[in-house]
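Scroll down for the structure; my scribbles are underneath it.
Numbering of ligands and ligand atoms starts at 1, following listing order. Throughout, numbering of the chain's residues begins at 1 and tracks the sequence. Quick note: numbers below take in every heavy atom, side chains included, and nothing from hydrogens, waters or symmetry partners.
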Amino acid sequence: MKTILITGGAGFIGSHVVRLFVNKYPNYNIINLDKLTYAGNLENIVDIQDQSNYKFVKGDINDITFLQTLFTEHKITDVIHLAAESHVDRSISGPMEFINTNIIGTANLLEVARTNWQSDDHIFYHISTDEVYGSLGKEGFFTEETAYDPRSPYSASKASSDHIARAYAHTYGMNLKISNCSNNYGSHQFPEKLIPLMINNIVHNKPLPIYGTGENVRDWLWVEDHAKAIDTVFHTGKTGETYNIGGWNEWTNIDLVQLLCSILDKKLDRAAGSSARLITYVKDRAGHDARYAIDANKIKNELNWEPSIQFEEGLEKTVDWYLNNEDWVNDITSGAYQDYYKEHYK
Ligand code: NAD
Ligand code: DAU
């Protein structure tokens with residue numbers, strides 16, 4: 001019987017992963033460990049809270065004594081590690097939280113797993129990002145062989161955690177899997193990230209802040225496809241391997257925001273072009289990476305995973321989710337979010 005510790009399962013991607021595992025694998029026990037920072041929200045997983053194979057535990061991966069007790073009490077057999085500070089802008093204004101959670105927190109988990117597991121049939125699956133590879137020019141893709149070149153405190157903290165995880169696997173023979181994914185979008189994403197922030201601002205007729213020229217490129221992936229990829233790598237990925245996960249779906253920020261504006265003009269019965277008038281070019285992000293693009297051939301060829309949904313369809317579903325979940329958005333955007341927004345977009 002597996003008892004899988006999923007960390008960060010009250011956040012955006014983690015909630016989708018926890019839901020998938022709890023519903024698809026009734027024979028697994030799923031322990032969801034989350035500190036419930038500003039980005040964690042129990043509402044994200046309210047639909048599974050009463051399932052018999054599921055337990056939520058509030059706790060901090062920076063507390064190693066707590067982690068030790070958790071491992072002993074629940075006899076944790078495997079880990080899928082998503083807990084992190086995840087927002088690049090916040091890493092620029094306050095890097096230490098990122099160093100602590102993403103580097104030390106990951107090292108704590110590895111250390112507790114190493115000292116509790118006596119054989120190599122336990123999986124430690126570390127979830128990472130394509131940002132560790134740095135920034136691309138107009139051509140080319142990140143492959144699993146691309147040299148690391150992280151350029152923000154966030155990406156450097158994730159790169160450090162990848163290195164520590166690989167060092168543990170190499171030195172102690174742990175059964176490690178790592179995947180590095182591109183930008184996710186979908187339901188339950190905190191509205192500090194581009195897509196939900198723009199949807200919320202369009203709905204409320206607020207300016208749409210585009211950093212710099214708006215020509216930076218991101219490769220967008222439907223969050224439920226990322227969750228399915230994590231399921232695939234966990235169950236069929238090879239020990240010690242890294243898999244890049246992406247959507248083959250590059251968009252400049254400005255084209256993406258224009259698309260959101262036109263989707264929302266129709267849904268909100270606004271005249272064509274009216275939401276786009278809210279677009280406002282603002283000061284660029286410090287050290288803003290120009291382009292991310294993933295070569296997702298390895299996971300396709302070796303594990304038979306590929307994205308399942310077209311971007312326009314996924315984006316429309318995402319917009320509908322935000323329009324239908326006003327209470328979720330209002331709860332999150334009251335209070336501390338207002339202070340963050342004022343400070344960041346002043
Ligand atoms: P998120 O910010 O939405 O959620 C992070 C979760 O981690 C929150 O629930 C938070 O409460 C929890 N957490 C933070 N610090 C913690 C701590 N010290 N102890 C326990 N829990 C803590 O993040 P996300 O966008 O869902 O990203 C999840 C993971 O996926 C991260 O590791 C991130 O680096 C990675 N990732 C994200 C993306 C993306 O596009 N969002 C893409 C690739 C990889
Ligand atoms: O590539 C994977 C990464 O994608 C993940 O590892 C990170 O956790 C996740 O936050 C995301 O990082 P980005 O910095 O790419 O995402 P964000 O949504 O913050 O920004 C996307 C692009 O939009 C980026 O080029 C910056 C730009 N942007 C963002 C915001 C919030 C704007 O132009 N205006 C904004 O207000």
Side-chain angles (χ1 to χ4, degrees), residues 6-18 32-42 44-45 57-63 66-67 80-92 97-98 100-102 104-106 108-109 126-133 135 142 150 152 154-155 157-158 161-162 179-186 188-198 201 207-221 223 226-227 230 245-246 251-254 256-257 279-285 288-294 341 344-345:
I6 300 183
T7 69
F12 165 50
I13 301 171
S15 61
H16 288 274
V17 174
V18 166
N32 176 4
L33 162 64
D34 198 294
K35 185 180 173 183
L36 298 179
T37 67
Y38 80 92
N41 186 347
L42 288 176
N44 295 352
I45 26 151
V57 179
K58 184 170 189 271
D60 189 341
I61 58 169
N62 281 97
D63 182 345
F66 157 77
L67 287 179
I80 303 178
H81 174 39
L82 293 110
E85 288 293 332
S86 69
H87 193 43
V88 174
D89 290 324
R90 289 186 195 251
S91 85
I92 294 168
E97 198 69 31
F98 288 71
N100 287 331
T101 292
N102 299 359
I104 311 289
T106 302
N108 285 339
L109 266 178
H126 176 59
I127 307 301
S128 192
T129 170
D130 62 355
E131 300 200 10
V132 299
Y133 297 121
S135 180
F142 297 135
S152 72
Y154 164 69
S155 54
S157 70
K158 292 296 290 186
S161 64
D162 294 8
S179 54
N180 296 78
C181 188
S182 63
N183 287 60
N184 285 216
Y185 71 96
H188 302 92
Q189 187 170 30
F190 193 84
E192 63 190 349
K193 307 287 198 299
L194 181 74
I195 290 179
L197 183 140
M198 293 298 167
N201 284 15
L208 309 179
I210 306 279
Y211 297 161
T213 62
E215 294 302 319
N216 302 62
V217 172
R218 296 292 182 265
D219 167 6
W220 292 94
L221 178 70
V223 65
H226 188 190
I230 289 172
I245 304 170
W251 285 78
T252 63
N253 295 333
I254 186 63
L256 171 45
V257 172
I279 289 174
T280 311
Y281 290 90
V282 301
K283 186 166 173 266
D284 208 354
R285 173 184 281 176
H288 197 171
D289 286 339
R291 175 172 165 256
Y292 305 144
I294 284 274
Y341 199 92
H344 185 67
Y345 293 98

Less than 4.5 Å apart, any side-chain heavy atom of [X] and any of [Y]?
| X | Y | value |
| --- | --- | --- |
| Ile13 | Ile127 | no |
| Asn62 | Glu97 | no |
| Tyr38 | Glu85 | yes |
| Ile245 | Ile294 | no |
| Tyr211 | Val282 | yes |
| Tyr154 | Asn102 | yes |

With the threshold set at under 4.0 angstrom, would you say [X] reaches ligand 1 through any of its heavy atoms?
| X | result |
| --- | --- |
| Thr7 | no |
| Ala10 | yes |
| Ser15 | no |

Check this for me, if you would: do Glu192 and Arg90 make a salt bridge, where the nitrogen-to-carboxylate-oxygen distance has to be below 4.0 angstrom?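 Yes, charged N to carboxylate O under 4.0 Å.
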
Decide whether an N or O pair under 3.5 Å exists between [X] and ligand 1.
| X | answer |
| --- | --- |
| Ser86 | yes |
| Gln189 | no |
| Asn184 | yes |
| Lys35 | yes |
| Thr37 | yes |
| Cys181 | no |

Nearest-contact summary for [atom] - protein heavy atom, Å:
| atom | answer |
| --- | --- |
| atom 15 (N) of ligand 1 | Thr101 CG2, 3.5 Å |
| atom 36 (N) of ligand 1 | Ile13 CD1, 3.9 Å |
| atom 19 (N) of ligand 1 | Ile61 N, 3.0 Å |
| atom 4 (O) of ligand 1 | Gly11 CA, 3.5 Å |
| atom 32 (O) of ligand 1 | Lys158 NZ, 2.7 Å |
| atom 9 (O) of ligand 1 | Asp34 OD2, 2.5 Å |

Quick one, Phe142 with Asn180, criterion side-chain contact (heavy atoms from CB on, under 4.5 Å). Give me CA distance, side-chain angles, the key distance, then yes/no. CA-CA 10 Å; Phe142 297 135; Asn180 296 78; over 6 Å; no

Which atoms of ligand 1 have any heavy atom of [X] under 4.0 Å away?
| X | answer |
| --- | --- |
| Asp60 | 17 (C), 18 (N), 19 (N) |
| Ser128 | 43 (C), 44 (C) |
| Asn183 | 40 (O) |
| Ser182 | 40 (O), 42 (C), 43 (C) |
| Leu36 | 11 (O) |
| Leu82 | 28 (C), 29 (C), 31 (C), 32 (O) |
| Asn62 | 18 (N) |
| Ile127 | 30 (O), 32 (O) |

Check: His188 ring centre within less than 6.0 Å of His16 ring centre: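 So the answer is yes for these two rings.
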
side-chain contact (heavy atoms from CB on, under 4.5 Å) assessment of Thr252 paired with Thr213: CA-CA 10 Å; Thr252 63; Thr213 62; over 6 Å; no

Assess whether side-chain contact (heavy atoms from CB on, under 4.5 Å) is satisfied between Asn183 and Ile195, documenting all intermediate values. CA-CA 10 Å; Asn183 287 60; Ile195 290 179; over 6 Å; no

Test of understanding: with ring-ring contact (aromatic ring centres under 6.0 Å, His included), list the residues that count as partners of Tyr292, not counting sequence neighbours.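 Tyr292 satisfies ring-ring contact (aromatic ring centres under 6.0 Å, His included) with no other residue.
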
So between [options], whose heavy atom ends up nearest [atom]?
| atom | options | result |
| --- | --- | --- |
| atom 33 (C) of ligand 1 | Tyr154, Phe66, Phe98 | Tyr154 |
| atom 25 (O) of ligand 1 | Tyr292, Phe12, Tyr185 | Phe12 |
| atom 5 (C) of ligand 1 | Ala84, Gly40, Gly8 | Ala84 |

Please work out, at 4.0 Å between heavy atoms, whether the side chain, the backbone, both, or neither of His81 comes within that distance of ligand 1.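 The answer is neither.
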
Backbone, side chain, both or neither: what part of Asp130 comes under 4.0 angstrom of ligand 1, heavy atoms only?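 The answer is neither; Asp130 stays 4.0 Å or more away.
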
For Ile45, is there any backbone N or O sitting under 3.5 Å from a side-chain donor or acceptor partner on Ser15?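 Absent.
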
Look only at the side chain of Thr7 and the backbone of Ala83, and say whether a donor-acceptor pair between them is shorter than 3.5 Å.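 Here the side-chain-to-backbone pair exists.
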
Testing the 3.5 Å rule here: is there a donor-acceptor pair between the side chains of Asn201 and Tyr345?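 Absent: no donor and acceptor within the cut-off.
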
With a 3.5 Å cut-off and no angle check, do the side chains of His126 and Thr106 form a donor-acceptor pair?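 No - no donor-acceptor pair under 3.5 Å links their side chains.
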
Give the residues near ligand 2 by chain and number, with the criterion being a heavy-atom distance under 4.0 Å.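 Within the 4.0 Å shell of ligand 2, which is judged on heavy atoms, sit Ser86, His87, Val88, Asp89, Thr129, Asp130, Glu131, Tyr154, Cys181, Ser182, Asn183, Glu192, Lys193, Leu194, Pro209, Ile210, Tyr211, Asn216, Arg218, Asn253, Arg285, His288, Tyr292, Tyr345.
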
Go through Glu131 and Val88 one step at a time and tell me if the side-chain contact (heavy atoms from CB on, under 4.5 Å) criterion holds. CA-CA 10 Å; Glu131 300 200 10; Val88 174; 3.4 Å; yes

